[in-house]
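Before any comments, here is the structure.
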2 protein chains.
Amino acid sequence: MTAKRDEIIATTCELLEVQGYHATGLNRILQESGAPKGSLYHYFPEGKEELAAEAIARSGAGIAGHIERALLESDDPAEAVTGFIRALAGHVAASGYRQGGPITAVALEAASTSERLRLACRDQYRGWQALFAAKLRPRYGPARADRLAALIIAAIEGGIILARSERSLQPLLAVAEEIEVLLGG
Amino acid sequence: MTAKRDEIIATTCELLEVQGYHATGLNRILQESGAPKGSLYHYFPEGKEELAAEAIARSGAGIAGHIERALLESDDPAEAVTGFIRALAGHVAASGYRQGGPITAVALEAASTSERLRLACRDQYRGWQALFAAKLRPRYGPARADRLAALIIAAIEGGIILARSERSLQPLLAVAEEIEVLLGG
DNA sequence: GTCTATACTATGATAGAC
DNA sequence: GTCTATCATAGTATAGAC
C-alpha cells in the first residue's frame with residue numbers, strides 16, 4: 001500500500017515547512033496523516049531521518065516544478081525571475097506567513113546535525129539554482145549566470161525568512177524589485 | 001550573581017545558532033554552561049522561551065556591532081557592505097560552516113510557533129536593516145535605501161543557508177559580488 | 001532571601017510482540 | 001502490518017539548602 005506511505009510523506013512535507021525538523025514529532029505526523037501508529041517503521045525502516053529526507057526531496061521537486069513553469073512565462077529573464085518571486089510572495093501571504101520555503105528550516109537545523117539531511121537539502125538547492133542559471137546563461141554567460149542564480153536563491157530564501165518574521169510581503173517584494181534592477185541593466 | 005545568568009545566555013546563543021530552538025535542550029544548555037539544573041527557573045522564571053528571547057537579543061546586538069564597525073571601514077557603501085559580507089563569509093568558514101546567522105534558524109522555527117520569539121527575531125532584523133539603510137540613504141534616497149537594505153539582509157541570510165548546506169563559501173561570495181554590482185552602478 | 005537538587009508529567013523516537 | 005511497550009529526554013515546578 002503505497003498510498004499510505006505517500007500520505008505520510010505529504011504530511012511530513014507540510015509540517016517540516018511550518019515547524020522545522022525537531023519540532024515535528026512522529027506522533028503528530030501519524031495522527032495528521034491518519035496512518036496507523038505502528039506503521040511508520042514498516043514504511044521507513046530508518047526512522048525519522050529517512051522520512052524527512054524523502055519529504056525534502058518531494059518538496060524540492062515541487063518547487064522545481066514551480067520554477068520551471070514560471071521561467072517559461074517570459075523570454076526576458078528579469079521578468080521571468082521576478083514573476084516567480086512575486087507569485088511566491090502571494091503564496092506566502094495566502095498561507096498566513098506559515099508556508100514558503102519548504103526546506104529552509106530543515107536546511108539550517110540539519111546543516112550541522114545530520115549529514116544525510118544536509119545533503120538532501122543541498123541537492124534541492126543545486127537543482128533550483130541550475131534552473132535559474134540555465135535561464136540566465138544566454139544573456140550573462142555561464143560564470144555570471146551561476147553567481148546570479150546563487151544570489152537569487154539566497155535572496156528568496158532570506159526574503160521568506162524576513163517576510164515570515166515581519167508577517168509582511170514587503171521584504172520579498174523589495175527583493176523582487178532589486179533583482180529586477182540587477183537583471184534589467 | 002549575574003555572571004552565571006550571563007553564562008547561560010551565552011551558551012544558549014551558541015547552541016541556537018548551530019542547532020536552532022527545538023533541537024537545543026535545556027539540559028544541554030545547563031551542562032555546557034556549567035550551571036546547576038535547578039537554577040534555570042530562578043534566572044528565567046518563564047522558562048525556555050524567555051531564555052531564548054534574551055539570547056536572540058544578545059546575538060542580534062552582537063551582529064549589529066559587527067555591521068556598524070564594518071560600515072565605518074569605507075565611505076563607499078558598496079565597498080563597506082561587501083566588506084562586511086566577505087568578513088562574515090570568513091567567519092562562517094572558520095567555524096566549520098556551523099556558525100553564522102545566529103538567529104536564522106530560530107526565526108524560521110518560531111515564526112509560526114511562538115509570537116514572542118518571532119517578535120524578538122523581527123526586532124533584530126529591523127535593527128540590522130536600519131544600519132544598512134542609513135549607510136545607503138545619502139546615495140540612494142530613503143525609499144531605495146530601505147529596499148536595498150532588505151535585499152542585503154535577505155541575501156546574507158539566504159547566503160548563509162546555502163553556504164552551510166554546501167559547506168562552501170561560494171554562495172556567500174557570489175552574493176557579495178552581485179551586491180557590489182548592484183550598489184556599484 | 002538567593003540559589004539548587006530532585007521529582008514530575010509529557011512526549012520524543014524506537015523496536016519487539018502479536 | 002499494526003499495537004503496545006520501552007527507554008530516553010524534554011520542559012517544568014516545588015521543596016528545601018545555604
Side-chain angles (χ1 to χ4, degrees), chain A residues 1-56 105-106 108-110 112-118 120, chain B residues 1-56 105-106 108-118 120-121:
Chain A
M1 195 60 81
T2 269
K4 219 144 217 183
R5 211 183 106 101
D6 261 35
E7 180 61 30
I8 293 175
I9 297 177
T11 303
T12 305
C13 288
E14 292 173 29
L15 291 173
L16 288 185
E17 177 165 14
V18 175
Q19 302 180 329
Y21 182 75
H22 280 95
T24 300
L26 295 179
N27 291 341
R28 176 91 185 276
I29 294 174
L30 268 343
Q31 168 195 325
E32 206 131 316
S33 67
K37 307 222 171 201
S39 66
L40 203 148
Y41 280 79
H42 170 68
Y43 294 121
F44 305 93
E46 292 163 67
K48 190 183 183 182
E49 239 193 349
E50 180 183 6
L51 169 56
E54 285 214 39
I56 289 165
V106 183
L108 269 161
E109 292 177 86
S112 321
T113 280
S114 157
E115 191 66 1
R116 180 178 195 168
L117 296 183
R118 192 202 120 223
Chain B
M1 195 58 86
T2 271
K4 219 145 216 181
R5 210 184 107 101
D6 261 35
E7 179 61 29
I8 294 176
I9 296 178
T11 305
T12 305
C13 287
E14 291 174 30
L15 291 173
L16 288 185
E17 177 165 14
V18 175
Q19 300 179 332
Y21 182 75
H22 280 94
T24 300
L26 258 18
N27 290 337
R28 176 91 184 276
I29 293 174
L30 268 343
Q31 167 194 327
E32 206 131 314
S33 67
K37 164 121 194 172
S39 65
L40 205 147
Y41 278 80
H42 170 69
Y43 294 121
F44 306 93
E46 292 165 68
K48 190 183 183 182
E49 238 192 350
E50 178 182 8
L51 170 55
E54 284 215 39
I56 289 166
V106 183
L108 269 161
E109 293 178 85
S112 322
T113 279
S114 157
E115 191 66 0
R116 179 178 197 168
L117 296 182
R118 191 202 120 221
C121 293

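Quick note on labels: first sequence line is chain A, next is B, and so on, each numbered from 1.
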- Okay, side chain of A/Ser33, backbone of A/Ile29: is any donor-acceptor separation there less than 3.5 Å? yes
- Item | Atom pair distance, as rounded to whole Å: NZ in A/Lys48 and C1' in C/dG12 | 8 Å
- To the nearest Å, give me how far apart CD (B/Glu49) and P (D/dT12) are. 8 Å
- Message: If you assign A/Gly38 and A/Arg28 each to the DNA chain C nucleotide with the nearest heavy atom, which residue ends up on the more 5' nucleotide?
- Response: A/Arg28
- Just how far, in rounded Å, is C1' of C/dT14 from CG of A/Leu30? 12 Å
- Item | Selected nucleotide, minimal atom distance to B/Lys4 side chain, candidates C/dT4, C/dA13, D/dT9 | C/dT4
- Note on the structure: Whole-Å distance, A/Ile29 CD1 to C/dA13 P, equals 7 Å
- Would you check if the side chain of B/Glu109 reaches a backbone N or O of B/His22 as a donor-acceptor pair within less than 3.5 Å? yes
- Message: Between B/Lys4 (side chain only) and B/Pro36 (backbone N and O only), is there a donor and an acceptor less than 3.5 Å apart?
- Response: no
- Task: Using a 4.0 Å heavy-atom cut-off across all strands, classify B/Lys37 as base, sugar-phosphate, or nothing.
- Result: base
- Nearest whole angstrom, please: distance from the P of C/dT11 to the CG of A/Leu40. 18 Å
- Message: As a test of understanding, state which of A/Gln19, A/Glu32, A/Glu17 forms a side-chain contact (heavy atoms from CB on, under 4.5 Å) with A/Thr24.
- Response: A/Gln19
- Item | For atom CD of A/Gln19 and atom P of C/dG12, their distance in whole Å | 10 Å
- Query: What nucleotide among C/dT4, D/dT12, C/dA15 has an atom nearest to a side-chain atom of A/Tyr41?
  - Reply: C/dA15
- Message: I need the CD-P distance between A/Glu50 and C/dA13, as an integer number of Å.
- Response: 15 Å
- Side chain of A/Leu26: nearest nucleotide among D/dG11, C/dA13, C/dC3? C/dA13
- Message: In whole Å, I'd like the distance from the CD1 atom of A/Ile8 to the P atom of C/dA13.
- Response: 14 Å
- Message: Please check this pair: side chain of B/Glu49 against backbone of B/Ser114, looking for a donor-acceptor N/O pair closer than 3.5 Å.
- Response: no
- Query: So how far is it from B/Leu51 CG to B/Thr11 OG1, rounded to the nearest 0.5 Å?
  - Reply: 9.5 Å
Pairs under 3.5 angstrom, nitrogen or oxygen only, protein versus nucleotides 15-18 of chain D, please.
none

- Message: Looking at C/dG12, I'd like to know if its phosphate oxygens (OP1 or OP2) sit under 4.0 Å from a side-chain N or O belonging to A/Asn27.
- Response: yes
- Task: Could you walk me through whether B/Ile9 and B/Phe44 pass side-chain contact (heavy atoms from CB on, under 4.5 Å), step by step?
- Result: CA-CA 10 Å; B/Ile9 296 178; B/Phe44 306 93; 3.6 Å; yes
